[in-house]
Amino acid sequence: MSAAPELNPEQREAVEHGEGPLLVLAGAGSGKTRVLTARIARLIDEGVPPWHILAVTFTNRAAGEMTRRIGALLGEPPAGLWSGTFHALGARLLRREADVLDRDAHFTIYDRDDSLRAVKMAMEEVGVDPDRWSPAAVRSRIGAAKGRLTGPGDLETETFDLLSRRVAEVYPAYEAILRRCNAYDFDDLLSRTVRLLEEEDEVRERYAGRFLHVLVDEYQDTNHAQYRMVRALASGHGNVCVVGDDDQSIYGWRGADVGNILDFERDFPGAHVVRLERNYRSTAPILQVANAVIARNTARKPKELRTVRGGGDPVQVVRTADERAEAEWAVREIAGLSDRFHPGDVAVLYRTNAQSRPFEEALRREGVPYRIVGGVRFYERREIKDVLAYLQLVVNPADEAAFLRVVNWPRRGIGSVTLGRLLAGRGEGENLLETAGHAAEVPEIPAGGARSLEAFAGAVRELHAVQREEPARAVARACLERFSLRTALSEEEDGEERVANVDELLAGIAEFDPSGVEDAPEDAGELELFLQHVALLSDIDRYDPERGSVSLMTLHNAKGLEFPVVFVAGLERGLFPLGRAEESVEEYEEERRLFYVGVTRARDRLYLTHADRRWRAGSGGESSPSPFLDELPEDPVERRRAGWAGRAASGRRAGRAGSRDSAWRGKRDDGSGGDFSWRIGPGSGKKRSAGSGSDEEDDDGGVRYDYGDTQEVLSFEPGERIVHPSFGTGTIRGLEGAGRAVKLTIEFDEGGTRKVMPAYAELRPE
DNA sequence: CATACACTGGTTTTT
DNA sequence: CCAGTGTATG
């Protein structure tokens, strides 16, 4: 068969293993993705139809990548293979099997925000005081209960713990609200699916009979509900292959249970175990550090990564004055590596998203292209969530979280008192929008407010009536129009940027290909499919690693990725390990595993940085080095202080923020990456040659990029011609802002001028 | 009764 | 540094 690339004996063993449970304990960088893809390809190659295989991954991106690689091995796409996250799998099953459930197939998925709104409503209904009991805490306890598969009726109401009592009261009301709204929250996608599979024998047998092979990646980060889902799907045949590494379990705080992987052999008797400890990724010094660090954890299966690579630079521990110096030093170091590495080879990893800012500023100042994964997510921006709530409401008028979010935005004179009366006046079996539709009959609602509510409800219903037939783009446009959302946004602070973001959302809707959605309800409109799609998107799903930019992300987001050069920043007490984690052995060991994950992302060079002073949550303070830094071995580690040397050069550039720079700031690397060189220093490297030739000479010693002639480059200069995926061709007329926030004013040939943020629109040169 | 503005407190990581 | 809440005003 063709499906096996070079595999070592252990990898081959895992790929060739036949029927029955298989546990692959795969150390970092040991080629587990290769094993998974090769195994699936082998199964297909030997005659197992792809639709008999289920592959569960941690992110949608990983699923897509795996499917692509299997296709490459086989020479054709594995049609019918199911792959995706547990949440996506759950959503898909819940839609397919909606007839036996208490939500129909058009259900809405509530994120944490929506869910919190529903919890507040529930607390209101059962009379639990939100000032005394934090709705967020209640929500999180309900989520935890769902993760343990504890139902609304199963919580102890007579317990000593008062919060638990309140949660026990709120949980059933919360469930009733979700049901009324035809919504599932994130946790339901797992727990409800498990209940479906465990309680409905016919359903379980049908899927266990369909998925003759179940494969699960990152098994160490599954929670109890996910474990039970796997168990139900594998019931009967027992062909489960799980891959993971207990040392990389970093989601305990979210309910993940390392016990799942540690107890696999007990849960699936007769399991064959394969250990992958040969590391193909990192140099010896990096692995020595990684092994030394993780060896200090007590709760783990002993193992040691062995490198197959020789040589390697020592690991650098760098101390700087403050977070600004940390970032500036790192960026200069990145520039200094330009003879060996591209910006796209580099990742800066940190514990909290808030740490990204100084790095962004330094990178922007030096003109180094970068991309951020996570942080303030596009789909979580206020204006985006508001517009999405409108669309959600139009698709599902029963969605009360969406209703509450937008009922008084833009202002239409519905304050908290009117809203309270509306809630109180809700008729039996009625949702809020229906009540709003006849608000004039609801006692004590003033006439003005009632008219306003009725008009609002009427408009939502009108749009709902056409939403199934019309293209998503048209419904979205009509919705913006009908509620004057664009006007409302433009009048707010940062209005232009908000409007631009919403335009990008519209562009995303226009680009969306509904044919890619599997198992959608037959009578679902396009807009509904779009909303289903974005509900399960994660930050890392939007990340395209093939580009030539420095990557900035949290350590959690970096799981499963690798980079030639890695900076782990902010190694300070209280920051990493974070908070009070030092006080609890479990938490401390989880932070240490997170550190281990960070270290093992690096192929060739690893930097660990910390600062003496750091501004945190608005107030400054002294920072002391992380205890992790005391756990490193002496030898392949170099410690140094990045004082003020080299600062002169950076200072000289610091004040310079001319218009020439802005082209670079907004520069978006394209997909071809890899074959360009870049250098630093006066006179080194010639200008990039793409564009309209309007480059001025860059006369100081800045970082420069010299792209090969084959590379498409977007330089974003006024006058240049570009192609926008939904608006077509146009000419750049203006440019403002910086970094990800850069906005271009583009005059489109189709007519009309609009502002576009290249950070969200896939602009290409004409 | 709605809204604008000042203040306070809490503060990770994310499918 | 942010969001969510309390107070003054229209």
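Lettering follows sequence order; numbering is per chain, from 1.
The distance between atom CG of A/Leu116 and atom P of C/dA3, rounded to the nearest whole Å, is 14 Å. Look at CG on A/Leu575: it is 12 Å from C1' on B/dT11, rounded to the nearest Å. If you measure from atom NZ of A/Lys120 to atom C1' of C/dA3, you get 10 Å, rounded to the nearest angstrom.
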What's touching nucleotides 1-6 of chain B from the protein side, N or O pairs under 3.5 Å?
{"residue": "B/dC1", "atom": "OP1", "partner": "A/Arg421", "partner atom": "NH1", "Å": "2.4"}
{"residue": "B/dC1", "atom": "OP1", "partner": "A/Arg421", "partner atom": "NH2", "Å": "2.9"}
{"residue": "B/dA2", "atom": "OP1", "partner": "A/Gly415", "partner atom": "N", "Å": "2.9"}
{"residue": "B/dA2", "atom": "OP1", "partner": "A/Thr418", "partner atom": "OG1", "Å": "2.4"}
{"residue": "B/dT3", "atom": "OP2", "partner": "A/Asn408", "partner atom": "ND2", "Å": "3.0"}
{"residue": "B/dA4", "atom": "OP2", "partner": "A/Arg411", "partner atom": "NH1", "Å": "2.9"}

Can you pull every protein N or O that's under 3.5 Å from an N or O on nucleotides 13-15 of chain B?
{"residue": "B/dT13", "atom": "OP1", "partner": "A/Asn353", "partner atom": "N", "Å": "2.9"}
{"residue": "B/dT13", "atom": "OP1", "partner": "A/Asn353", "partner atom": "ND2", "Å": "3.3"}
{"residue": "B/dT13", "atom": "O4'", "partner": "A/Arg351", "partner atom": "NH2", "Å": "3.3"}
{"residue": "B/dT13", "atom": "N1", "partner": "A/Arg351", "partner atom": "NH2", "Å": "3.4"}
{"residue": "B/dT13", "atom": "O2", "partner": "A/Arg351", "partner atom": "NH2", "Å": "2.0"}
{"residue": "B/dT14", "atom": "OP1", "partner": "A/Thr554", "partner atom": "OG1", "Å": "3.1"}
{"residue": "B/dT14", "atom": "OP1", "partner": "A/Asn557", "partner atom": "ND2", "Å": "3.1"}
{"residue": "B/dT14", "atom": "O4", "partner": "A/Arg112", "partner atom": "NH1", "Å": "2.7"}
{"residue": "B/dT15", "atom": "OP1", "partner": "A/Ser538", "partner atom": "OG", "Å": "3.4"}
{"residue": "B/dT15", "atom": "O4'", "partner": "A/Arg254", "partner atom": "NH1", "Å": "3.4"}
{"residue": "B/dT15", "atom": "O2", "partner": "A/His87", "partner atom": "NE2", "Å": "3.0"}

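Annotation: cation-pi pair A/Arg592/A/Phe628 absent, no NZ/CZ under 6.0 Å from the ring centroid and within 45° of its normal.
For A/Glu586, there are no side chain to side chain donor-acceptor pair (under 3.5 Å) partners two or more places apart in sequence or in a different chain. Residues that satisfy the side chain to side chain donor-acceptor pair (under 3.5 Å) test with A/Arg351, not counting sequence neighbours, are A/Glu591. A/Glu97 pairs by the salt bridge (Lys or Arg N to Asp or Glu O under 4.0 Å) definition with A/Arg206, not counting sequence neighbours.
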For residues 438-452 of chain A, dump all side-chain donor-acceptor pairs below 3.5 Å to protein atoms at least two apart in sequence or in another chain.
{"residue": "A/His438", "atom": "NE2", "partner": "A/Glu430", "partner atom": "OE2", "Å": "2.7"}
{"residue": "A/Ser452", "atom": "OG", "partner": "A/Arg412", "partner atom": "O", "Å": "2.7"}

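In this model, no donor atom of one side chain and acceptor atom of the other lie less than 3.5 Å apart for A/Tyr596 and A/Asn297. For the residue pair A/Glu383 and A/Asn501, a side-chain donor N or O sits within less than 3.5 Å of a side-chain acceptor on the partner.
Between A/Leu561 and A/Met553 there is a side-chain heavy-atom pair separated by less than 4.5 Å.
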